[in-house]
Amino acid sequence: MTNATAKRKNGNKLLKPAKVAWFRSQLVAWADTHLRDFPWRRTRDPYHLFVAECLLQKTDATTVAPIYETFLTRYPTLETLAAANVEEVARLLQPLGLFFRAERLCKSARIILNSDRGTIPNSEKGLLQLPGIGKYSARAILANAFSQPAAVLDTNVARILERFFGVKGGRVKSRCPVLWEAADTVARDRDTDKWNLTLLDLGALICTARNPRCAQCPLQEQCQSADFLSFC
DNA sequence: CTCCCGTTAC
DNA sequence: GTAACGGGAG
């Protein structure tokens, strides 16, 4: 049993089980008709998802979509990326900014090819060895490419958990144990990939950082932070 | 805690 | 016009 699974089973003192159950069922229903469609959501290819997660870091999904297609056309395999000219990769990433990612992508490709597996690692530990892959990206790849029950915590998920459950994370959400634990607690053991996408999309479409659309939110009824003024 | 950096919301 | 946005690494 993994740590995360053990924690889920024992429950989280901060989160009431009944409220967690309601949270899940509301979101599962919402996901049926509201999940967004992106090219990287139509594949389970570990390399494709590795590229996608790198490009999606601190970058809006709608901005990434066209570049992602071009990237995979130009560098269709780990081998081609490992052999790529970093400057050229950086040029391709131009509309996204954060050019240091070009170097990290190429370097990761070389590390992966020199590893025992020779393919994208299928463990959190293995993925974390790669430059540019932190806990969020590692778990996203585990869930999406390898169907593992790996919950993610990004600023969207953190915001939803903080608002709905009233838990308080620190400044740096990505390294906040309370929020990671909450993310693990609310996650489902099955279809964790879809669950992760559900939270990301609720954060992107409804529970936005500014001007959240509380009136359209499936969680409004039990949300600690629901903006009741939005009814008026 | 700071830097990275283009895009989008305001 | 400016500020907000968003993961990882040093």
Side-chain angles (χ1 to χ4, degrees), chain A residues 36 38-41 46 48-71 81 86-112 120-121 123-145 150-163 168-184 187 193 196-214 216 225 227 229-230:
Chain A
R36 295 176 296 172
F38 293 110
W40 51 86
R41 294 190 179 185
H48 291 192
L49 288 162
F50 159 75
V51 170
E53 290 307 331
C54 287
L55 301 188
L56 286 165
Q57 288 167 9
K58 289 194 90 67
T59 314
D60 193 67
T62 53
T63 315
V64 171
I67 305 298
Y68 168 81
E69 306 275 24
T70 314
F71 192 101
L81 180 58
V86 179
E87 309 289 325
E88 197 183 314
V89 177
R91 227 172 298 137
L92 213 151
L93 266 39
Q94 208 266 323
L96 307 182
L98 305 172
F99 304 117
F100 55 84
R101 289 184 290 187
E103 168 115 47
R104 292 181 186 171
L105 277 160
C106 297
K107 197 169 181 184
S108 285
R110 281 184 242 115
I111 292 173
I112 293 164
I120 309 288
S123 70
E124 188 169 331
K125 190 161 177 276
L127 286 163
L128 288 174
Q129 306 300 314
L130 306 172
I133 300 295
K135 192 169 178 178
Y136 171 84
S137 302
R139 284 172 169 237
I141 292 170
L142 289 177
N144 296 328
V152 298
L153 175 74
D154 72 343
T155 54
N156 287 294
V157 178
R159 189 170 57 245
I160 294 166
L161 294 173
E162 289 183 323
R163 284 179 176 166
K168 207 56 201 144
R171 289 283 186 76
V172 186
K173 315 293 183 194
S174 59
R175 295 189 198 170
C176 180
V178 177
L179 291 177
W180 272 108
E181 192 180 340
D184 278 332
D193 50 350
N196 289 338
L197 298 184
T198 303
L199 288 175
L200 298 193
D201 284 357
L202 187 82
L205 300 171
I206 307 283
C207 195
T208 49
R210 292 175 301 194
N211 307 323
R213 297 160 177 81
C214 295
Q216 301 169 44
S225 314
D227 174 20
L229 293 176
S230 61

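Every heavy atom of this structure was used, including side-chain atoms; hydrogens, water molecules and symmetry mates were not. First the proteins, then the strands, lettered A, B, ... as listed; each starts at 1.
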**Message:** Mind checking if A:E53 touches a base, just sugar-phosphate, or nothing, with heavy atoms under 4.0 Å?
**Reply:** nothing
**Asked** Where along nucleotides 1-10 of chain C does protein come under 4.0 Å, by heavy atom, of base (B) or sugar-phosphate alone (S), with - for untouched nucleotides?
**Response** ---SSBBSBB
**Message:** Let me spell it out: for each of A:F99 and A:N211, pick the nucleotide of DNA chain B with the closest heavy atom. Which residue's pick is nearer the 5' end?
**Reply:** A:F99
**Counterpart residues, salt bridge (charged side-chain N to carboxylate O under 4.0 Å, His left out), relative to A:E69 (two or more places apart)** = none
**Item:** Minimal non-hydrogen separation, A:L179 against A:A158, with atom names
**Value:** CD1-CB, 4.0 Å
**Item:** 5' priority, DNA chain B, between A:V172 and A:Q94 [closest heavy atom]
**Value:** A:V172
**Request:** Keeping the roles fixed (side chain from A:R101, backbone from A:G132), state whether a donor-acceptor pair exists under 3.5 Å.
**Result:** no
**Prompt:** Is there side-chain contact between A:R104 and A:C54, with at least one heavy-atom pair below 4.5 Å?
**Reply:** no
**Request:** Please list, chain by chain and in numerical order, all residues satisfying salt bridge (charged side-chain N to carboxylate O under 4.0 Å, His left out) with A:K135, sequence neighbours excluded.
**Result:** none
